[in-house]
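Single-structure report; data block below.
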Amino acid sequence: MSLSKRLIFLAFILLLFGSVLAACGGEPVPVKDQDADFVLALPRLVVDIDENGMPTVAGLSPELLALLGVDVQQFAMDPKVVNWFTQADVQHIELVQKDDGIYVFVNGVLMPHLGWDTEDLQNMTDAMAKLGVVKPEFQTILRFLVPFIQHTGLDVVLRFPKQPTAEEIPLRDVNEPIKTIEASNEAPMAIVKANVVFDENGAPSILGLSTQDLADAGLAGLRNIGLAQETLQKMKEAGIHKITIQSTPGGLVFWINDQQLPYVVWNDEYLNNAADLYAQLYFLPQYELQRELVKNILPAIARVEGEVTFEFPQ
């Protein structure tokens, strides 16, 4: 490609990028440490999904994106899922990445979401690398990305077709700060704690009573409950001797060897929102029992003080 053609192509790319940003509109997602060596804060990006699952990004059609070498076919959604959302009146899903996590809004309503800090992200990356969850060639990239994630503000909306008779649900006002709600300080309605210890054969035990003991006592159905030797070996090689899961009024927290990982943020209201969304998605009569079950159980999770620890051979 000649120099003049390269310059024209570069100018075209910059023009399209500027058009995308202009189409986004609004203020960029706020990032706390704006004096850091790296900051990337972008305005909201709206992706419209048509009834066939094809995306239009900030007004750029699939045909126009194809000129940039972006084949949106690979990002197309299943039309059945799109139709499901349309029938359930799920008009848009919004993901907002900030320095403290990823916020999830459905029809502008905040759901349980992911929270973190830099140390949590690094701990998760290290654990994934040790357990071989990600390929070796991606481990360095993940470690490289962690510091950048905390200095990046992104806001992506997936907007779906709505029913002709449905009233349009407005998007969340980006000029209003995200209002987080404090967890309830009421006394727990239940306390559940367990320390599960796995032996060298992978058999779990609580209070010294193992599934092998119960199987020997005649409960044969428990004989095969436990961890495979391959899993135990991976835990040993990764140096993981303990995993803890704790349920609190403010969310679900995870630790590996006393190192905290990214956690699920919830409270009474967010869990109620999630229960309402379940009922909205599974609106058909055959799901009535499930809707009732979720509506009663899911919001109550925030009132359960729970902690389960799994200990593995060292």
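Positions are given from 1, in the same order as the sequence printed here.
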Open item on the list: If I take atom CD from residue Glu307 and atom OG1 from residue Thr248, how far apart are they, to the nearest 0.5 angstrom?
Closed with: 11.0 Å

Task: Spacing of CG belonging to Leu171 relative to CD belonging to Glu94, to within rounding of 0.5 Å - done: 6.5 Å

Open item on the list: Any non-hydrogen side-chain atom of Leu277 less than 4.5 Å from a side-chain atom of Met111?
Closed with: yes

TODO: Consider only side-chain heavy atoms of I, L, V, M, F, W and Y, link residues closer than 4.5 Å, and tell whether Met189 and Leu298 are in one cluster.
DONE: no

Open item on the list: Could you walk me through whether Asp117 and Asp100 satisfy the side-chain contact (heavy atoms from CB on, under 4.5 Å) test, starting with their C-alpha distance in whole Å, then the side-chain angles of each, then the deciding distance to 0.1 Å, before giving a yes or no?
Closed with: CA-CA 6 Å; Asp117 61 24; Asp100 58 352; over 6 Å; no

Open item on the list: Let me confirm one number: the NE2-OH distance from His113 to Tyr263, rounded to the nearest 0.5 Å.
Closed with: 8.0 Å

- [ ] Measure the CG-CZ distance between Asn107 and Phe160 for me, rounded to the nearest 0.5 Å.
- [x] 10.0 Å

Open item on the list: side-chain contact (heavy atoms from CB on, under 4.5 Å), that's the test. Do Val192 and Glu305 meet it? Break it down for me.
Closed with: CA-CA 6 Å; Val192 181; Glu305 182 182 313; over 6 Å; no

- [ ] Output, in order, the C-alpha distance, side-chain angles, deciding distance and verdict of ring pair (Phe, Tyr, Trp, His ring centres under 6.0 Å) for Tyr278 and Tyr282.
- [x] CA-CA 6 Å; Tyr278 181 90; Tyr282 294 92; 4.7 Å; yes

TODO: Could you tell me whether Arg159 and Glu168 make a salt bridge, using a distance below 4.0 angstrom between a side-chain N and a carboxylate O?
DONE: no

Task: Side-chain touch Leu40/His151, heavy atoms, less than 4.5 angstrom - done: no

Task: Side chain to side chain, Leu121 and Ile149, heavy atoms closer than 4.5 Å - done: yes

Open item on the list: Can you tell whether the side chains of Glu167 and Lys162 come within less than 4.0 Å, N to carboxylate O?
Closed with: no

Task: Any side-chain heavy-atom pair of Glu292 and Glu288 under 4.5 Å - done: no

Open item on the list: Quick check: closest heavy atoms across Ile49 and Pro161, and the distance to 0.1 Å?
Closed with: O-CD, 3.1 Å

- [ ] Output yes when Asp276 and Lys295 qualify as a salt bridge under the 4.0 Å nitrogen-oxygen rule, no when they do not.
- [x] yes

Open item on the list: Do Thr152 and Gln97 have side chains that approach each other closer than 4.5 Å (heavy atoms only, starting at C-beta)?
Closed with: yes

Open item on the list: With a 4.5 Å cut-off on side-chain heavy-atom distances among I, L, V, M, F, W and Y, is there a chain of contacts connecting Val304 to Val294?
Closed with: no

Task: side-chain contact (heavy atoms from CB on, under 4.5 Å) evaluation trace for Lys242 with Ile256 - done: CA-CA 6 Å; Lys242 183 169 67 172; Ile256 290 182; over 6 Å; no

Task: Within one Ile-Leu-Val-Met-Phe-Trp-Tyr cluster: Ile206 and Leu232, side-chain cutoff 4.5 Å - done: yes

Open item on the list: I'd like to know if Ile240 and Val196 are part of one continuous hydrophobic network [Ile/Leu/Val/Met/Phe/Trp/Tyr, side-chain heavy atoms within less than 4.5 Å].
Closed with: yes

Open item on the list: Can you give me the closest heavy-atom contact between Gln91 and Ile169, atom names plus distance?
Closed with: OE1-N, 2.8 Å

Open item on the list: Any heavy-atom pair between the side chains of Phe85 and Ile93 that's under 4.5 Å?
Closed with: yes

- [ ] Looking only at non-hydrogen atoms, find the nearest pair between Pro204 and Phe198 and report the distance.
- [x] CB-CE2, 3.6 Å

Task: Note, Ile245 side chain near Leu252 side chain (heavy atom, < 4.5 Å) - done: yes

Open item on the list: What I'd like to find out is whether the side chain of Pro188 reaches to under 4.5 Å of the side chain of Arg303, using heavy atoms alone.
Closed with: no

Open item on the list: Just to verify, which of Val104, Val174, Val156, Asp155 counts as forming a side-chain contact (heavy atoms from CB on, under 4.5 Å) with Val96?
Closed with: Asp155

Task: Separation of Leu158 CG from Met77 CE (nearest 0.5 Å) - done: 7.0 Å

TODO: For Gly239 and Asn257, work out which heavy atoms get closest and say how close.
DONE: O-ND2, 2.7 Å

Open item on the list: Within this structure, what is the CD-CG distance for the pair Gln290 and Leu284, rounded to the nearest 0.5 Å?
Closed with: 11.0 Å

TODO: Just do the side-chain contact (heavy atoms from CB on, under 4.5 Å) check on Asn123 and Phe254 with the steps written out, would you?
DONE: CA-CA 11 Å; Asn123 291 339; Phe254 308 89; over 6 Å; no

Open item on the list: Would you say Ile301 ends up clustered with Ile191 if hydrophobic residues are merged whenever their side chains have heavy atoms under 4.5 Å apart, either directly or through other cluster members?
Closed with: no

Task: Side-chain donor or acceptor of Asp78 paired with backbone N/O of Lys80 under 3.5 Å - done: yes

